[in-house]
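Presented below is the structure to which this report refers.
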Amino acid sequence: MKIISTTAIAIAAMALISCSEDTVSVGTSLTNETEKLEVSTGTYHATSKSVLVDAVYSRDFDCYFGKVKDPETASYVESEFMTQFNMLENTTLPDKSKILSTYDGDIAADSCQIWIYMDRDDCYGDSLTPIKINILELDHPMSDTRIYYSNFDPKAEGYIRADGLKKSTMFSIANLMFSDSLRSTSSFNEHVRIALNEPYTDKKGVTYNNYGTYLLRNYYEHPEYFKNSYNFVNNLCPGFFFEISDGLGVMAMINEIDMRVFYRYNKDNTETNAIFTTSSTNEVLQTVTVYNDKEALNRLIEDTSCTYLKSPAGIFTEVTLPIDEITAAHEKDSLLSVDISFNRLNSSLDYIDLPIEIPKNVLMVMEDSVETFFETKTLYDNVSSYMTGLSKNAYTFNNISNIVTLMAKQKADGLKSDPQWVVKHPDWNKVLLIPISTYSTTSYDSYGSASSSISSIGNEMGLTSTKLVGGEGNLLEMKVIYAKFKSR
């Protein structure tokens, strides 16, 4: 098989993929009598199996918090997180002489609170379930050069300050301190407020009446700490780890975390209430720690009558593509299209009171490059990686001819220099199907019209699961279209 880069074949490819006409007449309709295109088709079969995921790249993506019992495995899934706080460039506060809030003869914060905003539309379980958490101060910042995976344990790794801030509190995702009428409005963001108003002692042994006073006084003593996020994180507030202490039955996506320092100051001879806010955003580091029962997941993998997609950090589907068969059958032809579909199997779990979400989007990526794909925050390119969504109860990849061509070329090039290349690269013809989340950006044209496009993707960190047709003895059909120019 070879690649023929000509306009005629490119046009033919688009016509064949988008039209339902009989392919017999395509050559006549697109080329002249002396240069007709000869089209042929083939059907091949891929194999698939479920593979256990030890951990997934978890830095700077969706953050879920909670502990639930997975109805599919009857085991527990727990998600905790660690986060830093962003400092806007050159943040300014009123002149120190105008601060009216005082404690022990110096300026002070009236209060300090952490506000955790949750997505009430992306919550699994009972939102009224009480959760007890510990907020633990980090001893030092997360490294911006380290690669963090979902099995990262900040306590075992020595990230928690032994004598640092520790706040234990209990709350529910649905915060009933707010009225039902307020919570039912579209503009209301479900959140909880956790006060950090106990005395706090910093690493220098200085004690403050609350954590907010620690931040406020350092602003005036060391304004350089507030110049940017790097200075703030490395000199003053390395971040916090949020761990589950007790509670079972709910897991929710965290939209945003704010730390708010409340104080009063003199504005035009009037006492004015003010808030200094720093937030956990994409500009600073955030990691998710997932605890999943590997033994329970392995019991699902042992079911070879199908394959699974399961998150967070659960099960992927591995697919072995018949690259040699596809390329050997038409060595002198060009690939126009290679289609493969993964049909979803309905489950009795779809109809329970609290069904697990079905993955909305799935990534197909070469198995050898999975780690680097996520670590470098690559966007799928329709060459070595593809994305598709669930449609008509299936995940369909309409044309993966580029990855077939790429794999065939890598093998051919490898064998030229090393006869043992295939032995050394056993996954050369394998891809993984991975549940993912997508992140979009909105742009505006000169007329003010908005358009949205996917700007990045990450591993799905929420609770999702589905079964796919495949597994032992269940071959997956791949439909292939070839083309070549007839000899004159």
Side-chain angles (χ1 to χ4, degrees), residues 1-27 29-30 37-48 317-344 359-367 369 373 378-411 428-434 436 438 453-454 457 468-470 475-485:
M1 185 195 69
K2 61 181 179 178
I3 304 171
I4 304 175
S5 179
T6 65
T7 303
I9 288 188
I11 295 173
M14 290 185 287
L16 286 167
I17 294 168
S18 61
C19 299
S20 60
E21 295 178 0
D22 189 344
T23 57
V24 173
S25 64
V26 172
S29 62
L30 294 176
L37 194 65
E38 194 173 76
V39 175
S40 58
T41 62
T43 300
Y44 305 90
H45 295 94
T47 59
S48 62
T317 287
E318 178 190 83
V319 185
T320 302
L321 301 177
I323 305 300
D324 288 338
E325 292 88 337
I326 292 174
T327 56
H330 295 258
E331 291 185 3
K332 297 182 179 181
D333 297 353
S334 291
L335 277 180
L336 291 188
S337 176
V338 179
D339 299 348
I340 186 169
S341 186
F342 300 89
N343 293 308
R344 179 178 172 271
K360 294 181 177 65
N361 296 295
V362 170
L363 175 76
M364 175 188 286
V365 62
M366 296 172 66
E367 186 162 350
S369 61
F373 180 91
T378 306
L379 193 63
Y380 64 95
D381 59 5
N382 294 325
V383 176
S384 61
S385 55
Y386 299 79
M387 189 199 82
T388 192
L390 182 66
S391 178
K392 298 180 180 179
N393 215 33
Y395 299 98
T396 299
F397 295 87
N398 287 315
N399 190 356
I400 61 167
S401 58
N402 285 333
I403 202 169
V404 173
T405 301
L406 177 61
M407 286 178 165
K409 184 178 186 304
Q410 287 181 343
K411 178 187 177 184
W428 72 273
N429 59 345
K430 294 179 174 62
V431 295
L432 288 178
L433 302 185
I434 302 173
I436 58 169
T438 62
S453 60
I454 295 175
I457 62 176
L468 303 177
V469 172
L475 300 178
L476 304 170
E477 189 174 272
M478 297 180 68
K479 296 179 179 179
V480 181
I481 301 176
Y482 303 92
K484 67 178 179 180
F485 288 119

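Keep in mind that this is a model prediction, so the values were computed, not measured.
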(request) Identify the heavy atoms of Ser341 and Thr396 that sit nearest to each other, and give their distance. (result) OG-OG1, 2.9 Å
(message) Restricting to non-hydrogen atoms, name the atom on Ser48 and the atom on Gly470 that form the minimum distance, rounded to 0.1 Å.
(response) OG-CA, 3.4 Å
Straight-line distance of [X] [atom1] to [Y] [atom2], nearest 0.5 Å:
X      : Y      : atom1 : atom2 : result
Phe373 : Leu363 : CZ    : CG    : 4.5 Å
Ser385 : Ile457 : OG    : CD1   : 7.0 Å
Asn361 : Tyr380 : CG    : OH    : 8.5 Å
Trp428 : Met366 : CH2   : CE    : 9.5 Å
Phe397 : Met387 : CZ    : CE    : 9.0 Å
Met364 : Ile403 : CE    : CD1   : 6.5 Å

Would you confirm whether [X], through its side chain, and [Y], through its main-chain N or O, come within 3.5 Å as a donor-acceptor pair?
X      : Y      : value
Asn343 : Val469 : no
Tyr395 : Leu468 : no
Asn399 : Leu336 : yes

(request) Identify the residue among Val319, Thr388, Leu390 that makes a side-chain contact (heavy atoms from CB on, under 4.5 Å) with Phe342. (result) Val319
(request) Among Val431, Thr47, Leu476, find the one that has a side-chain contact (heavy atoms from CB on, under 4.5 Å) with Thr320. (result) Thr47
(message) Would you say that Glu477 contacts Thr43 through its side chain, given a criterion of any heavy-atom pair below 4.5 Å between the two side chains?
(response) yes
(request) Compare all side-chain heavy atoms of Val338 with those of Tyr44 and state whether any distance is below 4.5 angstrom. (result) no
(request) Go through the steps for Glu325 and Met478 under the test side chain to side chain contact (heavy atoms under 4.5 Å, CB included), then give the verdict. (result) CA-CA 11 Å; Glu325 292 88 337; Met478 297 180 68; over 6 Å; no
(request) Among residues two or more places apart or on two chains, list those pairs meeting salt bridge (Lys or Arg N to Asp or Glu O under 4.0 Å) that have a residue in residues 383-399. (result) none
(message) Using the salt bridge (charged side-chain N to carboxylate O under 4.0 Å, His left out) criterion, which residues pair with Lys411? Sequence neighbours excluded.
(response) Asp324
